[in-house]
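Below is one structure, written out as structure tokens; the observations come after it.
To find a chain, count down the sequence lines: A is the first, B the second, and so on, and within it residues start at 1. Computation of the quantities below employed the complete heavy-atom set of this structure, encompassing side-chain atoms and omitting hydrogens, waters and symmetry-equivalent molecules.
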Amino acid sequence: MTSTTLTLPTDTTILVQRRFDAPVELVYAAHTEPDHVMRWHTGPAGWTITSVTMDVRTGGTYSWEYEGPDGSTMTVHGTYLAVDPPHRIVVDEDWGPDMPGPTVETTFTTDGGQTLLSITMTLPDQATRDMVVSHGGMESGYQTSHAQLQELLATLT
Amino acid sequence: MSNDPLSAVFAALADPTRRAILERLAHGPASVKELAEPFDMSGPAISKHLRVLDEAGLTVSTRVAQSRPRTLAADTLSEASDWTESLRQAWQSQHDALATYLIELQEKDLP
């Protein structure tokens, strides 16, 4: 089983990488077609994805809705800044009026018979980046803080 | 702002030279001169990197010898890696689900 790596290349970025045994076109489709996204992007443990709308083109928007074990809901949404099938997607994640959200660049690269998925999240500043990193595995956060959930889920898109 | 300890650690880790210094120190203590050797850098430039690492609590300079050899402060490093590990695991489980789904999709396509 290959594993996902996470590194912090600069003060404001998080880089997540994973190899998949599938052609680049298929991995791209899994990220850009609602029926595919619904099948795997289920959110944190115990959560389910209930609705996916996405208009995958530059300037288009996306909105993914999740429901938690206690019935609470949350939405991850944003705007596509760049779409270059099947190799690259850049989105601006919307964290609401009080907080600038991250820019997330996802690239799909053919590597041997595999696809290398690279997700680079760029946060507005180091403090926000560190907050995302340090809240990453707080299971209790899922239950108690909607704001934390929003932040974490933003990083999962 | 890098006032809190975690931010100082992550800021220190964000530089490739400092990461290389830490990797060297993982093999044992080393003097400033030894640490500077692999890099095409002035003494002051290396000292600055070492100061950042010291201030983040990632390295400790021992005063026993005049060369003030540095040692790795393993506790600080493992604390930082615990933070990132939690987030990595969240991604890992999402990507495991994707990997499984991609296999299903490809098997479906076979005649």
Side-chain angles (χ1 to χ4, degrees), chain A residues 1-23 26-27 29-31 33 35-45 47 49 114-115 117 119 121 125-139 141-142 151-153 155-157, chain B residues 1-23 26 48-49 51-53 55-58 75-111:
Chain A
M1 192 67 158
T2 56
S3 66
T4 299
T5 63
L6 187 149
T7 53
L8 307 174
T10 71
D11 282 355
T12 57
T13 56
I14 300 169
L15 172 64
V16 173
Q17 292 185 299
R18 173 75 179 247
R19 280 169 209 282
F20 293 97
D21 287 320
L26 193 60
V27 182
H31 282 78
E33 292 174 22
D35 290 350
H36 287 323
V37 172
M38 293 281 290
R39 292 291 300 275
W40 69 273
H41 211 292
T42 48
W47 285 68
I49 190 162
Q114 296 181 313
T115 296
L117 174 72
I119 302 155
M121 280 162 282
D125 51 50
Q126 198 203 341
T128 311
R129 195 279 310 267
D130 294 345
M131 183 190 66
V132 171
V133 172
S134 58
H135 285 162
M138 289 178 75
E139 294 292 330
Y142 297 141
E151 288 150 20
L152 177 69
L153 260 287
T155 71
L156 292 175
T157 53
Chain B
M1 296 298 105
S2 301
N3 294 331
D4 66 295
L6 182 67
S7 288
V9 170
F10 284 148
L13 291 174
D15 181 89
T17 302
R18 291 196 288 270
R19 286 199 298 272
I21 290 172
L22 291 175
E23 276 162 31
K48 198 176 162 198
H49 283 305
R51 195 163 61 240
V52 173
L53 290 169
E55 282 171 5
L58 285 163
D75 286 357
T76 308
L77 197 58
S78 77
E79 218 169 89
S81 97
D82 286 348
W83 287 115
T84 55
E85 178 59 16
S86 304
L87 182 59
R88 192 198 68 77
Q89 280 173 6
W91 279 96
Q92 168 100 29
S93 77
Q94 200 75 99
H95 285 160
D96 285 349
L98 174 57
T100 305
Y101 179 56
L102 288 169
I103 290 166
E104 276 174 38
L105 280 177
Q106 292 177 95
E107 282 171 351
K108 218 188 298 176
D109 287 347
L110 295 174

Worksheet entry | Region of F10(B) that comes under 4.5 Å of a non-hydrogen atom in chain A | both

Response to the item:
R19(B) meets the side-chain contact (heavy atoms from CB on, under 4.5 Å) criterion, sequence neighbours left out, with P16(B)

Discussion item. Once salt bridge (Lys or Arg N to Asp or Glu O under 4.0 Å) is applied, do any residues pair with E55(B), and if so which ones, sequence neighbours excluded?
Written reply: none

Item to complete: Check the angle between the aromatic planes of F20(A) and H95(B) and answer parallel, tilted or perpendicular using the 30° and 60° thresholds.
Response: perpendicular

Worksheet item: What part of T84(B) gets closer than 4.5 Å to chain A, counting heavy atoms only: side chain, backbone, both or neither?
Response: both

Discussion item. Consider side chain to side chain contact (heavy atoms under 4.5 Å, CB included). Of I21(B), D75(B), L53(B), which one does L58(B) pass it with?
Written reply: L53(B)

Discussion item. Less than 4.5 Å to any heavy atom of chain B: does that hold for the side chain of H31(A), its backbone, both, or neither?
Written reply: side chain

Worksheet entry | T128(A) and D125(A) side chains, donor-acceptor separation under 3.5 Å | yes

Discussion item. Quick check on R19(A) against chain B: is it the side chain, the backbone, both or neither that has a heavy atom closer than 4.5 Å?
Written reply: neither

Worksheet item: Checking heavy atoms, do the side chain of T12(A), its backbone, both or neither come under 4.5 Å from chain B?
Response: neither

